[in-house]
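The figures here come from the full heavy-atom set of this structure, side chains too, leaving out hydrogens, waters and symmetry mates.
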Amino acid sequence: MIQQIGYILLCFFIAYLAFEGVLGYLENNFGIRIITGEELFISENKGEDWQALKTPSREVISAKSLVFDPENPQHLYLASAKGIFQSKTQGQRFRFQGTVFDTETKPSLISECIPDPQRPETIYIVSKEIGGDRVLVSNDGGESFRVIFISEKGDRITAFAIDPFLSQFLYIGTKKGLFLESEDFGRSWRKKIQFSQAITQIAPDPYKEGEIYVLLAPIEENPFDYWSYRIPGRLMIGKNRGEEFKEFEKIKRFGEIKKIVFDPNLRGRVYFVSDSLLLRFSFPGEIEIVKNLSSSSTKIATFTIDPKNSNILYLATENVIYRSENGGRDWEIIEPPIKGEIKEIKINPSDPKVILLSIRKTL
C-alpha cells in the first residue's frame with residue numbers, strides 16, 4: 001500500500017515537473033504565460049493606497065471591460081457576458097443594468113468596452129466568439145445591445161475605434177489586416193485597405209480630423225518553414241480617414257512600437273511605446289526618448305497620461321509602476337498591491353487622483 005502511494009506521488013511529481021517545463025518553454029520561447037486569474041484595484045490618492053474592486057461577475061474580467069462613465073466619471077461601467085453592471089461607489093458595489101442582448105446567443109467573452117464620449121448613452125462592446133468576433137452597440141446606456149458587425153470566418157477583431165470628430169464614423173481592424181470603416185454608426189461597413197499584417201491598434205488623432213495612426217503587428221518566423229523570416233511590426237499614418245496610408249519612417253530606428261498615446265492636453269504631442277522605450281514626438285519636432293528600459297530584462301506593459309496635467313505620466317513594467325510629475329525627467333516607483341503581471345492603468349478623467357489598475361496572476 002505504501003509502495004503504491006509512493007508510485008502515485010512520484011507520478012504526480014513527474015507530471016508537475018513536465019507541466020512546469022511546458023510553461024517555461026512556452027514563456028521562454030513564445031512569450032506565452034498561463035493566466036490563472038485577474039484582479040482589479042482602485043486608488044483614490046494616485047497609487048499611494050490600493051483597494052480591491054469587488055467585481056460581481058465570476059467571468060474573466062479585464063481593465064478594458066471596465067470604464068469610467070463619460071457622463072459621470074465618478075461612476076463605473078463593467079461589461080461582462082451577462083451584461084452591463086454599473087457602480088456609483090467607485091467600484092465597491094455594482095448594480096446589474098438588466099441588460100437584454102438582441103442576439104441569437106449571448107456573448108461568450110467581452111474583451112473591450114468603449115463608451116462614445118460624444119454620446120454618453122452609447123456603449124460599444126467587443127465580444128470574442130468561436131464563430132466570429134462581434135461588435136455590439138447599446139444606445140440606452142447598456143440596457144440593451146444589438147450586433148453591428150461580425151468578423152469573417154477565421155478572422156478576429158483586434159482593434160476598434162470611434163472617430164473623435166464625428167462619432168458616426170467607426171473603425172475596425174482585424175487579425176488578417178482588414179481596415180474597415182462605417183459612416184453610419186455601424187449599420188454598414190466597407191473595406192478601405194487590407195494590410196499584410198495584423199492590426200493591433202487604431203488611433204485616430206484627436207487634434208487632426210481624418211488622420212489615423214494604425215499599428216501593424218510583426219509576423220514571427222515559422223520554425224517549421226525553412227524559408228520563413230520575421231517581418232517587423234510597422235506604424236502607419238492614414239489621411240482622409242484611411243483613404244491613403246504611409247509608413248511613419250521616423251520611428252523605425254527606435255524599433256517596433258506597440259502602443260500609441262495622444263497627450264490629452266497638448267495638440268501635436270504623441271507618445272509611442274515599445275518594449276523598452278517611451279518616446280515623445282511633438283510636431284514638427286524630433287522624437288525624444290523619455291524613458292529607456294533597454295538595460296532591464298522587463299518590458300513596458302502600459303503607459304498613460306494624467307488627463308488634466310501633461311507633466312504627470314504613469315508607466316508600468318510587468319511588476320513595477322513608475323510615476324513622473326515633471327514630464328518624464330524624474331521617476332518614482334509605486335508599489336503595486338499584489339505580485340503579478342500589470343496589464344492596464346486607467347485614470348479618472350474628472351478626478352486624476354483616482355486610478356484603476358489591472359493585475360493578472362500568472363503561474
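A salt bridge is defined here as a Lys NZ or Arg NE, NH1 or NH2 lying under 4.0 Å from an Asp or Glu carboxylate O, and K176 with D155 fails to meet this definition. Using a 4.0 Å cut-off between a side-chain N of Lys or Arg and a carboxylate O of Asp or Glu, E341 and K343 qualify as a salt bridge.
Follow the hydrophobic side-chain contacts under 4.5 Å out from L170 and you reach V137 in the same cluster.
Heavy atoms only, all atoms of each residue included: P115 and I162 are closest at O-CD1, 3.9 Å.
Contacts of F169 classified as ring-ring contact (aromatic ring centres under 6.0 Å, His included), with partners at least two apart in sequence or in another chain: none.
Between F179 and F245, the ring planes are perpendicular. Angles over 60° get that label, and only those under 30° would be called parallel. Ring planes of F160 and Y124: tilted class, angle from 30 to 60°. The aromatic rings of W331 and Y322 sit perpendicular, their planes meeting at an angle over 60°, well past the 30° parallel limit.
For the residue pair E318 and T298, no side-chain donor N or O sits within less than 3.5 Å of a side-chain acceptor on the partner.
Distance CZ/F262 to CZ/R267: 11.5 Å, rounded to 0.5 Å.
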Can you give each donor-acceptor pair under 3.5 Å made by side-chain atoms of residues 214-226, sequence neighbours left out, with the distance rounded to 0.1 Å?
{"residue": "E220", "atom": "OE1", "partner": "R230", "partner atom": "NE", "Å": "3.0"}
{"residue": "E220", "atom": "OE2", "partner": "R230", "partner atom": "NH2", "Å": "3.3"}
{"residue": "N222", "atom": "OD1", "partner": "F224", "partner atom": "N", "Å": "2.9"}
{"residue": "D225", "atom": "OD1", "partner": "W227", "partner atom": "N", "Å": "3.1"}

May I have the step-by-step check of salt bridge (Lys or Arg N to Asp or Glu O under 4.0 Å) for R269 and D263, ending in yes or no? CA-CA 6 Å; R269 178 180 285 183; D263 192 309; 3.8 Å; yes
